[in-house]
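Only one structure is covered here, and it is reproduced in the block below.
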Amino acid sequence: MKNDDVMNIAKKRGFLWSSFEIYSGVAGFYDYGPLGGTLKNNIMQKWREYYVVGEGYYEIESPTIMPEEALKASGHVDHFTDPLTECKDCLNVFRADHIINDATGKDVEGLPNDELSQILSEEKLMCPHCSGHLTHVWSYNLMFQTIIGSKGKKTGYLRPETAQGIFIPFKRLLRFNRGKLPFGVVQLGKAYRNEISPRQGVIRLREFTQAEAEIFTDPRDKTHPRFADVSDDILNLYSQECQEQGKEPVKLTAQESLDKGVIASEMLTYQLCLALRFLKDLGIPDNVIRLRQHLTSEMAHYAIDCWDVEVETDKYDWIEIIGIADRTDFDLKSHNQYSKEDLRVFIEYPEPKQVKMLQVKPNMSKFGPQFKGDAPKIIEALKDMDASQVKESIDANGEYSLEVNGKTHLLTRDFMDFQEVEETIRGEKIFPHVIEPSFGIDRIIYSVLLHCYQEDDDRTILKLPANIAPVEVNILPLVNKDALNSVAREIHDNLRKNGIIAEYDTSGTIGRRYARSDEIGIPFAVTVDHDTLEDDTVTIRNRDNSKQVRIPIKDVYKTLKCLINLEIKFEELI
RNA sequence: GCGGCUGUAGUCUAGUCUGGUUAGGACUUGGGCCUUCCAAGCCUACGACCCGGGUUCAAAUCCCGGCAGCCGCACCA
């Protein structure tokens, strides 16, 4: 299996291995080795080129440990859990809500545990496996809990996603962007989920790296200024409709998928295109990628539309490596409510609106004596009412009844005056909607390794794009002789001095060294041979087809730099 | 989290059932010889019984516990 070959090389040659090996390891944790660490950095740097440089979304960094309040507001404390129940006889563990749903057809998602337990006993539900008795329902929260401070009074959690770190300082980020929508903010970093039983290698980790962008948009304007740049990009769409009707994914251009309403908005479509371009740059071919729309049932209740970018693998089938969702205003609204901070954005109208409206003016000298301490509250409540309705009621009945804190107060005509005022309204405050591209870096690295891995005849090649390969060039003396070695060494040192990651290898025959070099995806090799000593030329060998071209030593740096940056193709040198 | 199977150098493996010499081999890797372009050959070196406990004169081998991997079940905002 390709997976096994790739993971073998990854382990053997220093890309990836499971952590804590000398202590038997812990499931769900992986180390990046010397090459893996560099590859990961290169990929993250490329991501930044897209989102920070290309889109102008600035990068922030927030703590990986978060206080309970913040995750309470985001919903993770209460809802990032699975309600589990265990069979007392066969000890199997089940999702309690799934058992109830399967047996009764009731949708009980989100009900508290004691209600679920009650339903289990009321409906006399038994273990679906052995018909044994089921225990009371308990929540398994997937967050790692910790303690903040020496007294241990404050509960903290390792963040389950980087996104919350962007929502929380929203006011500052909005101010940084001078109050205007749309704007985006990104964060790359670790996130943590205490998975029950992670057994899918690097696909399901307990500690993993995300790269997320939160794009704050006006809910009424989800366009993108550069949509025209991507409108002809081809998308392989596995829509809700395709999935429900058992059809194959459909290929449409970005423009078509927007026009046909397959994808909810222009911004979302643009983000999907951007993600695909990124993956293409990493060497993942189109034909192993599809965009799968979340089914209504699996989408978060607050989301408008959500698409997973999936990659085909031989071992795990189609895996989600990127999720792009329209999260609407859920997160900001929720943090607004819990923190009591106004997280809305003021949107100015193109033209100020002149609005004529009726205003109530309470007669203070009546209110005070009559209502004493309740007076301020009543006045506050009265001002919130629609003045024209109040006036109507008084004109018709001579009084208006107002309920404040459970007490009903009757207000008559002499408690207030009405005034026609003209007000200028310059805009309104709204919660922006959030479009969120969320990248699983570890899964992307796995996909890159998997799909760059090739066996040509008996050669193993990792065809990493030259601009993300961890080692950029290998310097090889044809045979292990002092005269050749010293020239090779000098070229190696010179390239390093100029910022190119070069390796130097004299061990074994030239063929063996090319093979080792190909296996870790070094895109180019410089070979120093006997002609070099005569005419100061060397050959540059192209990893992907073993072709060589001879160039003067003085041009080596310049040529390699262009090759690595993909400014010229190797074929153009021949 | 449950059940089954498995765990010997970097990798693949012999040995385990039936306890007993220095745990054997191949590939890989390091050093050397040879070598004028794609894993050749020769010499040489390094390198292992998953961890802990028990039984025994003696444990890679038998027993118990743990950890990890694979498979199945369950789970996967």
Side-chain angles (χ1 to χ4, degrees), chain A residues 4-5 7-9 11-14 17-29 71 74-87 89-99 109-110 127-130 138-143 160-161 163-164 191 193-201 203-206 294 298-303 306 315 319-320 323 325 327 438 456-461 476-481 483-484 505-519 525 527-534 538-539 541 543 545-548 550:
Chain A
D4 300 353
D5 297 335
M7 289 312 283
N8 262 336
I9 288 177
K11 204 192 289 185
K12 182 170 77 174
R13 305 302 306 276
W17 54 70
S18 63
S19 302
F20 318 118
E21 272 182 326
I22 65 166
Y23 298 108
S24 296
V26 181
F29 295 94
L71 291 161
S74 69
H76 286 92
V77 170
D78 295 322
H79 302 300
F80 197 57
T81 60
D82 295 331
L84 299 184
T85 180
E86 189 179 34
C87 171
D89 295 335
C90 69
L91 300 177
N92 271 306
V93 175
F94 305 95
R95 281 278 296 257
D97 53 342
H98 286 187
I99 287 186
E109 209 185 312
C127 170
H129 261 233
C130 71
W138 43 282
S139 287
Y140 177 80
N141 193 298
L142 285 102
M143 290 192 294
E161 59 176 12
Q164 296 306 323
R193 297 175 190 186
N194 199 2
E195 302 288 350
I196 296 174
S197 179
R199 275 196 301 194
Q200 298 170 78
I203 300 305
R204 187 158 225 88
L205 292 173
R206 288 186 163 126
H294 276 206
E298 69 183 307
M299 203 154 47
H301 62 91
Y302 49 80
C306 181
K315 178 155 189 190
I319 56 166
E320 173 200 349
R327 294 173 75 127
S438 173
D456 291 2
D457 302 324
D458 53 352
R459 287 209 307 148
T460 295
I461 315 178
L476 311 170
L478 185 61
V479 291
N480 194 5
K481 291 273 186 262
L484 299 182
D505 188 357
T506 61
S507 170
T509 62
I510 188 69
R512 178 177 291 274
R513 283 175 282 157
Y514 286 145
R516 271 199 298 255
S517 187
D518 292 342
E519 196 177 70
T527 310
V528 175
D529 59 18
H530 291 83
D531 289 353
T532 306
L533 302 178
E534 306 295 320
V538 292
T539 64
R541 171 186 178 272
R543 171 197 67 199
N545 55 17
S546 306
K547 283 190 180 147
Q548 285 175 296
R550 185 167 283 275

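Chain A is the first sequence line, chain B the second, and so forth, proteins listed ahead of strands; every chain is numbered from 1. Quick caveat, the model's predicted, so the values are computed rather than measured.
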Counting only Watson-Crick pairs (N1-N3 plus N6-O4 or O6-N4) and G-U wobbles (N1-O2, O6-N3), all under 3.5 Å, who is the partner of [N]?
N: B/rU29; result: B/rA45
N: B/rA23; result: none
N: B/rC38; result: none
N: B/rU16; result: none
N: B/rG52; result: B/rC64

Distance check: side-chain N/O of [X] vs OP1/OP2 of [N], anything under 4.0 Å?
X: A/S507; N: B/rG31; answer: yes
X: A/R512; N: B/rU29; answer: yes
X: A/T509; N: B/rA40; answer: yes

Out of curiosity, [X] [atom1] to [Y] [atom2], how far, rounded to the nearest 0.5 Å?
X: A/E534; Y: A/D529; atom1: CD; atom2: CG; answer: 10.0 Å
X: A/L476; Y: A/T509; atom1: CG; atom2: OG1; answer: 11.0 Å
X: A/T506; Y: A/L478; atom1: OG1; atom2: CG; answer: 12.5 Å
X: A/K481; Y: A/L533; atom1: NZ; atom2: CG; answer: 12.5 Å
X: A/Q164; Y: A/H76; atom1: CD; atom2: NE2; answer: 5.5 Å
X: A/R541; Y: A/T527; atom1: CZ; atom2: OG1; answer: 7.5 Å

Proximity to the side chain of [X] - top-ranked nucleotide from [options]:
X: A/K12; options: B/rC38, B/rG10, B/rA40; result: B/rG10
X: A/S546; options: B/rG66, B/rC71, B/rC38; result: B/rC38
X: A/K481; options: B/rC37, B/rU35, B/rA68; result: B/rU35
X: A/S24; options: B/rG66, B/rA39, B/rC73; result: B/rG66
X: A/H530; options: B/rC37, B/rG30, B/rU36; result: B/rU36
X: A/R516; options: B/rG30, B/rA74, B/rG66; result: B/rG30

Value in whole Å for how far the [atom2] atom of [N] lies from [atom1] of [X]:
X: A/I9; N: B/rU28; atom1: CD1; atom2: P; value: 15 Å
X: A/D4; N: B/rC71; atom1: CG; atom2: P; value: 9 Å
X: A/Q200; N: B/rC70; atom1: CD; atom2: C1'; value: 13 Å
X: A/E519; N: B/rC27; atom1: CD; atom2: C1'; value: 13 Å
X: A/R199; N: B/rC70; atom1: CZ; atom2: P; value: 7 Å
X: A/N141; N: B/rC75; atom1: CG; atom2: P; value: 18 Å
X: A/I22; N: B/rG52; atom1: CD1; atom2: P; value: 12 Å
X: A/R513; N: B/rG30; atom1: CZ; atom2: P; value: 11 Å

[X] near the nucleic acid: base, sugar-phosphate alone, or nothing, with a heavy-atom cut-off under 4.0 Å?
X: A/E21; result: nothing
X: A/A27; result: sugar-phosphate
X: A/N480; result: base
X: A/T539; result: base
X: A/L478; result: base

Could you measure between the two [atom1] atoms, the one in [N] and the one in [M], and give it in whole Å?
N: B/rC43; M: B/rU28; atom1: P; value: 14 Å
N: B/rU55; M: B/rG65; atom1: C1'; value: 15 Å
N: B/rC73; M: B/rC63; atom1: C1'; value: 29 Å
N: B/rU61; M: B/rG20; atom1: C1'; value: 11 Å
N: B/rG4; M: B/rG30; atom1: C1'; value: 42 Å
N: B/rC42; M: B/rA60; atom1: P; value: 34 Å
N: B/rC12; M: B/rG66; atom1: C1'; value: 28 Å
N: B/rU56; M: B/rC46; atom1: C1'; value: 35 Å

Residue met sooner reading RNA chain B from 5', once A/Y23 and A/V528 are mapped to nucleotides: A/V528

Whichever of A/P198 and A/Y302 has its nearest RNA chain B nucleotide further upstream toward 5': A/P198

Heavy-atom pair of closest approach, residues A/P198 and A/G28: CG-CA, 3.8 Å

Do the side chain of [X] and the base of [N] come within less than 3.5 angstrom through a donor-acceptor pair of N or O atoms?
X: A/Y514; N: B/rC37; answer: yes
X: A/E195; N: B/rC75; answer: no
X: A/R541; N: B/rC38; answer: yes
X: A/R13; N: B/rG10; answer: no

Steps toward side chain to side chain contact (heavy atoms under 4.5 Å, CB included) verdict (A/H530, A/L484): CA-CA 7 Å; A/H530 291 83; A/L484 299 182; 4.1 Å; yes

A/R512 bridged to A/D505 by N-O distance under 4.0 Å: no

